[in-house]
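Written out below as structure tokens is the structure these notes cover.
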Amino acid sequence: MKPVIQTKDLVYEYYRRDEEGNVESIDTAVDHVNLDVEPGQFISILGHNGSGKSTLAKHINALLIPTEGTVIVDGKDTKDPANELPVRKEAGMVFQNPDNQIIASVVEEDVGFGPENIGVPTDEIWERAEKALKGVGMWEYRKKSPNRLSGGQKQRVAIAGVMAMEPKCIILDEPTAMLDPDGRREVIDTARELNKKKGVTIILITHYMEEVVYSDRVFVMDHGRVVMQGTPREIFSQVNILKSYHLTVPQVTDLAFRLKEDGMDLPDGVLTRPELEDSLSRIKAPSGAPEMTPSHEEKKAEKSPEDAVLILDHVSVTYKDGGTETHALNDVSLQINKGDFIGIIGHTGSGKSTLIQTLNGLIPVTGGHVYFNGRDISEKDFDKKALRTSVGMVFQYPEHQLFETTVLNDVKFGPKNMGLDDKEAGLRAYEALKKVHFPEDSFDASPFELSGGQKRRAAIAGVIAMRPQVIILDEPTAGLDPAGRDEILGLIKEMHDKSGETVILVSHSMEDVAEYVDRTIVIDSGHPVFDGTPREVFSHVSELESLGLAVPSVTYLLHDLHKKGYPVDEHAVTVEEAREEILRVFG
Amino acid sequence: MLKDITLGQYYQVDSVIHRLDPRVKLVATLFFIISIFVADDPIGFIFLTVCLFAIIALSKVPFSFMVRGLKSIIILLLICGLFNLFLTPGDAIVKWGKVQITIQGVRAAILMLVRMIYLIIGTSIMTLTTTPNQLTDGLETGLRALNYIHVPVHEIAMMMSIALRFIPILNDETDKIMKAQMARGASFDGKGIVNKAKAMVPLLVPLFVSAFRRANDLALAMEARCYHGGEGRTSMKPLHYRRRDVMGYFYIFGAFAVVIVLHIIF
């Protein structure tokens, strides 16, 4: 079959220029890439941030023109300016940020935007918009304002906007990086369905490994080159090579890989849970009636009220919006102790953001009391500003708050607001930047010149520099690639383990929570439903599912094995724990 | 919540005025404004008042919404009125030393107040019955003639509609950045202008950076969807004149003729 997209020795160089316009340095973002995509394929491109995958994607849509080599889309060379619009029509593109790609204030008008641009007659625009919106399941929302939609829904509108141009292929450039797990699933399911039912060629660029499992072909990029290609199974069987490119594999694949290294007879590149279950059951038949689950319950040290830093006593938060009342928090009583490492999980809109903001007084409570070190924070003479510096809060995408001329100055902002003199503020800033392993030679760099991961560290340092007694982080890994995620989480763990900080981590990722925290609190409809160690909380598999929350995939696996009659401890929540359990039973 | 901000305070209800083509409403507003400045006698204003109330009744928008726009400028109106009242030279009716009220002053003050109030109610009717999107569409097609003198009408309309889409988003963003800086001990209620301005830096710099980033992203997304200016573009919701729109023009010009005739006679 004739390929729909073909790149031949594609090279793209970024020219970095100094103030006079002289070329300072040349970065080769894409380096001799040869790609053939056949019609109807589902292609995934993996790679860490800065590997050149987005630059490659922009070439397929003629947003960038190759420095060397050629890109042919549907038989048209993108270098020819006359082909610009036809190429963009055939290869539609969906971007990362759902807000920044919707043009109109009404959903249906946004879907009509593309067809309007290519001069489709009015009646046909309506037909296409209807077809496209039905195709992504957003027809009922056609009259709505995009601002009222969830992230996943916005991305589906963006996909519909591309579909309405009737393209041969859609390029999705990290479409799920800014979404919660539900939104992620929505978008990937939509892409898969369009691929299967309408035969649209899909090129998915991502760093979530779970999303590429169903693709026909995977390309891995590093330093602008395609370094691996093959089916997902071929790619995922080379776990160590992937890790060397700063990529991870899905939990199940990782577990199978480790078990195989331990000498178990498992196939290469296990992709899904059922696959691993099948392979395991071939090794050993279930031993009949499940044994009693070995009691692994750690003794919980009883904490006395003296250890408490923060106490929430029957706290409620109610918003009044015109006539309707929204209960963001509903009768929450919690105790947060010195040295705790807490993970808070819940849906978008479950009230977890409100909860953390009541802790430092940014959102006043409408019922109940919040006590900080034994004092009610709603008392009149309570110093709210001091509270905010003692209960440090790192918001989502904290790098968006950077504003100073140098990183060091920005980090000094918090300490200075506390009334410290320049020298002391500088000392604290230095200490904080060291703590987040920020490279010393960039202390005087402008925060706007840093890479994504470094910006985030600088922003986290900006909160740590106030030496808070409690650090709250809202989705600190959002939008980062796997390497960046591991670094930030490692950093947070280090702060807790080494410096004994009290840390509260808000996260969508069950895997992260299971791996790092000591105590998990699940919030639903403004009320905590579970509170305990990750092992305790994740043992409520069916209850969590009914709340629309998933447990880590290894927990599912052990749960299933247990049901089948294997005497495994179903409470394992990390890959390492699962490995030990399976080795114990199957080894 | 911030997400619910509707610019131009559109009031959703189904009425003849709502269904009118936005161009008709723009023209009507223009002629109404001309009329209130042409008319300068009670009979002219009685006629305009009748027209105004007829339209308000037809629009089905509660009267309280019409006067809502007046609240914010009531002080300004009063000051203007007082200036007119006391500072117009002419035949004094009351006199305290140097301060005097003249018959011309009373007349000027009343005229000015009525004109201002009618101006605001008149434009409110338009914004209350027309969505911002219709308004931009109306401006784009209505002012198309200006293209010939190189006014980039399409681009201006596109900018307006993008601004409308992004204002709520940037509003949310402002809120977020403010909270993030407050969490770092910043306060936005400093004393004195200099301190206030200084306190805004940590808010405004990130806001600008973000606005530019969004603009960049959006430009790329628009280009990727084949946007290349107004040339060769079709419209999903083209404006078509219907019978009621033609009738609308008929009434507008009729009423305007009456205003002119009344002006000449009296």
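This one's a predicted model, so the numbers in the text were calculated from it and none came from an experiment. Order of the sequence lines sets the chain letters (A, B, ...), proteins ahead of strands, with each chain counted from 1.
- Within the 4.5 angstrom heavy-atom criterion, only side-chain atoms of A/F95, from C-beta onward, approach chain B.
- Contact tally against chain B (heavy-atom pairs below 4.5 Å) for A/G414, A/G119, A/G112: the top residue is A/G119.
- For B/T129 (side chain) and B/H18 (main-chain N/O), no donor-acceptor pair under 3.5 Å exists by modelled atom type.
- Between the side chain of A/T122 and the backbone N or O of B/S235 there is at least one donor-acceptor pair closer than 3.5 Å.
- Heavy-atom neighbours of chain B within the stretch residues 385-394 of chain A, taken at a separation under 4.5 angstrom, comprise A/K385, A/R388, A/T389, A/M393.
- In this structure, A/N61 contributes its side chain and A/A57 its backbone to no donor-acceptor pair below 3.5 Å.
- Both the backbone and the side chain of B/L220 come within less than 4.5 Å of a heavy atom of chain A.
- No side-chain donor-acceptor contact under 3.5 Å links A/Q96 and A/Q101.
- Cation-pi geometry between B/R213 and B/F208 is not satisfied (NZ or CZ under 6.0 Å from the ring centre, within 45° of the ring normal).
- Heavy-atom pairs under 4.5 Å with chain A were tallied for B/R214, B/H228, B/E231; the largest tally goes to B/R214.
- Contact annotation for A/D474: neither backbone nor side-chain heavy atoms come within less than 4.5 Å of a heavy atom of chain B.
- Here the side chain of A/K455 pairs no donor or acceptor atom with the backbone of A/P447 at under 3.5 angstrom.
- Taking the charged nitrogens against the carboxylate oxygens, B/K237 and B/D137 have no contact shorter than 4.0 Å, which rules out a salt bridge.
- Panel note: side chain B/S59, backbone B/I56; a donor-acceptor pair is recorded below 3.5 Å.
- Among B/A219, B/P238, B/A215, B/G229, the residue with the largest count of heavy-atom pairs under 4.5 Å with chain A is B/P238.
- For the set A/L63, A/V162, A/V94, the entry with the most heavy-atom pairs within less than 4.5 Å of chain B is A/L63.
- A/D410 contributes no side-chain N or O that, together with a main-chain N or O of A/L402, makes up a donor-acceptor pair within less than 3.5 Å.
- Both the backbone and the side chain of A/D99 come within less than 4.5 Å of a heavy atom of chain B.
- In terms of non-hydrogen atom pairs under 4.5 Å with chain A, the most contact-rich of B/I162, B/I177, B/I169 is B/I169.
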Pair B/R144-B/E140, salt bridge (Lys or Arg N to Asp or Glu O under 4.0 Å): steps then yes or no | CA-CA 6 Å; B/R144 199 175 275 159; B/E140 185 175 353; 5.5 Å; no

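- Panel note: side chain A/E404, backbone A/S446; no donor-acceptor pair is recorded below 3.5 Å.
- The greatest number of non-hydrogen atom pairs below 4.5 Å with chain A, out of B/D217, B/V201, B/T131, is found for B/D217.
- Under a 4.0 Å N-O distance rule, the pair B/D21/B/R242 does not qualify as a salt bridge.
- Of the atoms belonging to A/K58, it is side-chain heavy atoms, and not backbone ones, that fall under 4.5 Å from chain B.
- No other option in A/I103, A/N360, A/V106, A/I171 has as many heavy-atom pairs under 4.5 Å with chain B as A/I103.
- Of the residues considered (B/K176, B/M182, B/E173), B/M182 shows the highest number of contacts with chain A, using heavy-atom pairs under 4.5 Å.
- Residues of residues 81-90 of chain A lying under 4.5 angstrom from chain B, judged on non-hydrogen atoms, are A/L85, A/R88, A/K89 by number.
- Here A/E109 is the residue among A/E109, A/E124, A/Q396, A/M466 with the most heavy-atom pairs under 4.5 Å with chain B.
- Listed for the A/R128 side chain is a donor-acceptor partner under 3.5 Å among the backbone atoms of A/A164.
- Looking only at distances, a side-chain donor or acceptor of B/Q181 sits under 3.5 Å from a matching main-chain atom of B/P202.
- Taking chain A as the reference chain and counting heavy-atom pairs below 4.5 Å, the highest number among B/S187, B/S161, B/A186 is found for B/A186.
- Looking at A/I363, the atoms closer than 4.5 Å to chain B (heavy atoms on both sides) all sit in the side chain, from C-beta outward.
- When the candidates A/M418, A/E108, A/M93, A/E399 are compared by the number of heavy-atom contacts under 4.5 Å with chain B, A/E108 comes out ahead.
- Looking at A/I118 and B/T234, their side chains never come closer than 4.5 Å, going by heavy atoms from C-beta outward.
- Put simply, the side chain of A/V157 does not reach to within 4.5 Å of the side chain of A/P146, judged on heavy atoms.
- Contact tally against chain B (heavy-atom pairs below 4.5 Å) for A/N417, A/N100, A/I125, A/V463: the top residue is A/N100.
- Looking at A/P398, there are no atoms closer than 4.5 Å to chain B (heavy atoms on both sides), in backbone or side chain.
- The closest donor-acceptor contact from the side chain of B/S210 to the backbone of B/P206 lies at 3.5 Å or more, if one exists at all.
- Note: A/F448 and B/F212 fail the aromatic proximity criterion, with ring centroids not under 6.0 Å apart.
- Looking at A/A129, only its side chain comes within 4.5 Å of chain B, counting heavy atoms on both sides.
- Using a 4.5 Å heavy-atom cutoff, the side chains of A/Y319 and A/E325 are not in contact.
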